Amino acid sequence: MTTVSQSTSRLDDAAESAAASDVDRLVDTVRYPLDGRDLPAADARHAAYWRAVEEARTGLRSDGCALLKEFVTPTAVRLLNAEIVAAKPRTHFSMQVINPYFHTQVNPEFSDDHPVNTFTERSSGFIPGDAWPSVCAMDTLFRAPQVCRLLADCLEIDELHCYDDPLAGLTANILDPGQQFPWHFDTNDFAVTVLVQPADEGGLFEYAPGVRTATDEGFEAIGGLLAGGRDGVHTLDLCPGDLQIFRGRYSLHRVTRVAASSQPRHAAIFAYTHQPGVIGRVERTRQLFGRVLAEHEEAERSRVREDDLLD
Ligand SMILES: O=C(O)CCC(=O)C(=O)O
Ligand SMILES: [Fe+2]
């Protein structure tokens, strides 16, 4: 078990923090036996593990989305929410008007009513990776090798690594009353999300699978959805503790506006990469978190140096 660092742990109760470092206490291991993967086939935990993986694979193959219902136990959900509430003052809220590609400027090459020139308010915020205590349930779930292994199996990839970015690796998406995260595409291949505190009204995750492909921008379908069309839109019935694996590169998606009278919506977001040691670009980091760290600047400088060597 990892020891609690004196200077960085900001949980009220160190004992609770130490307990949270055990991933088996956070996950419903009866339904999702993390150790079942390599047990003999006759073992019920082996069967349960691979049943969950197969179900997730079916969802990911058909529409780029898988739900591991109630993956996180109710007690652990309360712990995650307490950690989010404690770190919430560090949220970077940015009110921006964006198109589905996160651009904020008009592109004169397209008509005024084109998706590229259709801008919608994004008012939600992210708690950055450096706001969490070094030992906490959020971090344990994010980094647990058994969870990474399960996610890689669901995604049908050989390996997966925690996104090494000190701000964008482990975040929480916060939508306070009245806020929304409008229709957009993600730049990463897949996202892993755990709903921790749902809104009482609004705050629904909606997506339209496969509206674009690697070779077809799908502008017509996107235009229809931005204009309020509902063709092919799925609305997820998410409960606290559900873990969602989502391929958002080709599926337009959004979180609808949280009602003014609602409690805030909190979602834990775990970012992974195919390669180890990946860190975000300076410009994108500034857009999402309002700042960059020395690591980002350094990574950008070594990129330049690498480019120089290749020339
Ligand atoms: O909060 C969520 O459920 C997902 C938010 C989202 O789409 C994103 O962070 O790109
Ligand atoms: Fe997204």
Side-chain angles (χ1 to χ4, degrees), residues 10-13 16-17 20 23 25-28 65 67-96 121-133 135-144 147 162-163 167-182 184 186 191-207 235-246 248 253-272 288-290:
R10 270 177 277 123
L11 279 183
D12 295 345
D13 178 9
E16 189 177 42
S17 157
V23 71
R25 291 171 185 263
L26 305 175
V27 173
D28 179 349
C65 187
L67 272 191
L68 276 60
K69 295 292 290 175
E70 296 173 334
F71 182 77
V72 179
T73 67
T75 310
V77 167
R78 281 194 291 279
L79 186 51
L80 293 180
N81 204 39
E83 290 175 1
I84 290 175
V85 169
K88 202 167 165 178
R90 304 275 305 274
T91 307
H92 177 66
F93 286 106
S94 55
M95 165 63 145
Q96 279 189 320
E121 157 215 329
R122 180 177 88 86
S123 38
S124 56
F126 286 113
I127 298 177
D130 64 351
W132 311 109
V135 177
C136 63
M138 284 282 291
D139 193 76
T140 298
L141 260 182
F142 174 47
R143 292 184 201 285
V147 174
C162 292
Y163 188 19
L167 297 182
L170 175 60
T171 62
N173 188 24
I174 305 294
L175 274 81
D176 272 345
Q179 295 182 338
Q180 65 169 359
F181 198 148
H184 68 280
D186 291 345
V192 175
T193 309
V194 176
L195 183 67
V196 172
Q197 177 173 283
D200 329 292
E201 197 187 335
L204 299 173
F205 186 90
E206 294 194 327
Y207 70 108
T235 302
L236 279 188
D237 182 17
L238 282 174
C239 300
D242 290 354
L243 181 142
Q244 180 189 352
I245 310 173
F246 183 66
H253 58 285
R254 69 171 175 179
V255 182
T256 64
R257 195 182 293 282
V258 171
S261 57
S262 169
Q263 66 176 356
R265 176 186 189 271
H266 299 160
I269 304 198
F270 305 146
Y272 300 95
L288 290 178
F289 299 100

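These numbers come from a predicted model, not from an experiment. Because only heavy atoms are used, hydrogens play no part in the values below, and waters and symmetry mates are left out as well, while side chains stay in.
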Measure the shortest side-chain to side-chain distance between [X] and [Y] over non-hydrogen atoms and say whether it is less than 4.5 angstrom.
{"X": "Val255", "Y": "Leu204", "result": "no"}
{"X": "Gln180", "Y": "Thr256", "result": "no"}
{"X": "Cys239", "Y": "Pro198", "result": "no"}
{"X": "Leu243", "Y": "Val72", "result": "no"}
{"X": "Gln179", "Y": "Val258", "result": "no"}
{"X": "Gln244", "Y": "Val192", "result": "no"}
{"X": "Ile174", "Y": "Arg265", "result": "no"}
{"X": "Ile84", "Y": "Ile127", "result": "yes"}

Atom [atom1] in [X], atom [atom2] in [Y]: separation rounded to 0.5 Å?
{"X": "Leu170", "Y": "Phe270", "atom1": "CG", "atom2": "CZ", "answer": "6.5 Å"}
{"X": "Asp200", "Y": "Ser261", "atom1": "CG", "atom2": "OG", "answer": "7.0 Å"}
{"X": "His266", "Y": "Thr91", "atom1": "NE2", "atom2": "OG1", "answer": "7.5 Å"}
{"X": "Glu83", "Y": "Asp139", "atom1": "CD", "atom2": "CG", "answer": "9.0 Å"}
{"X": "Thr75", "Y": "Leu26", "atom1": "OG1", "atom2": "CG", "answer": "10.0 Å"}
{"X": "Asn173", "Y": "Ser124", "atom1": "CG", "atom2": "OG", "answer": "5.0 Å"}

From CA spacing to verdict: side-chain contact (heavy atoms from CB on, under 4.5 Å), Thr235, Asp237
CA-CA 7 Å; Thr235 302; Asp237 182 17; over 6 Å; no

Tell me if a side-chain donor or acceptor on [X] pairs with a main-chain N or O of [Y] at a distance below 3.5 Å.
{"X": "Gln197", "Y": "Pro264", "result": "yes"}
{"X": "Thr171", "Y": "Ala168", "result": "no"}
{"X": "Trp132", "Y": "Met138", "result": "no"}
{"X": "Asn81", "Y": "Val196", "result": "no"}

Sequence neighbours excluded, which residues qualify as ring-ring contact (aromatic ring centres under 6.0 Å, His included) partners of Tyr272?
Phe142

With sequence neighbours excluded, tell me which residues meet ring-ring contact (aromatic ring centres under 6.0 Å, His included) with Phe71.
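Tyr32.
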
Given side-chain contact (heavy atoms from CB on, under 4.5 Å), test Leu236 with Tyr207 step by step and report yes or no.
CA-CA 8 Å; Leu236 279 188; Tyr207 70 108; 4.0 Å; yes

Evaluate Leu67 against Leu238 for side-chain contact (heavy atoms from CB on, under 4.5 Å), listing each step before the verdict.
CA-CA 9 Å; Leu67 272 191; Leu238 282 174; 3.4 Å; yes

Check: Phe205 ring centroid to Phe246 ring centroid under 6.0 Å:
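Yes; Phe246 has its ring centre under 6.0 Å from that of Phe205.
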
Would you please name every residue forming a side chain to side chain donor-acceptor pair (under 3.5 Å) with Ser94, sequence neighbours left out?
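Result, side chain to side chain donor-acceptor pair (under 3.5 Å) vs Ser94: Arg122.
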
Which residue in the set Glu206, Glu201, Glu121 passes salt bridge (charged side-chain N to carboxylate O under 4.0 Å, His left out) when paired with Arg257?
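Only one option passes, and that is Glu121.
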
Go through it in stages, so that I can follow the logic: the residues are Asp242 and Glu70, the test is side-chain contact (heavy atoms from CB on, under 4.5 Å), and I'd like the CA-CA distance, side-chain angles, deciding distance and then a yes or no.
CA-CA 4 Å; Asp242 290 354; Glu70 296 173 334; 3.8 Å; yes

Which atoms form the tightest heavy-atom contact between Pro89 and Ala86, and what is the distance?
CD-O, 3.4 Å

Do the rings of Phe289 and Phe126 sit parallel, tilted or perpendicular, given the 30° and 60° boundaries?
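The rings of Phe289 and Phe126 sit tilted, inter-plane angle from 30° to 60°.
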
Less than 4.0 angstrom from a charged side-chain N to a carboxylate O is my criterion; do Lys88 and Asp176 meet it?
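Looking at Lys88 and Asp176, the cut-off is met.
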
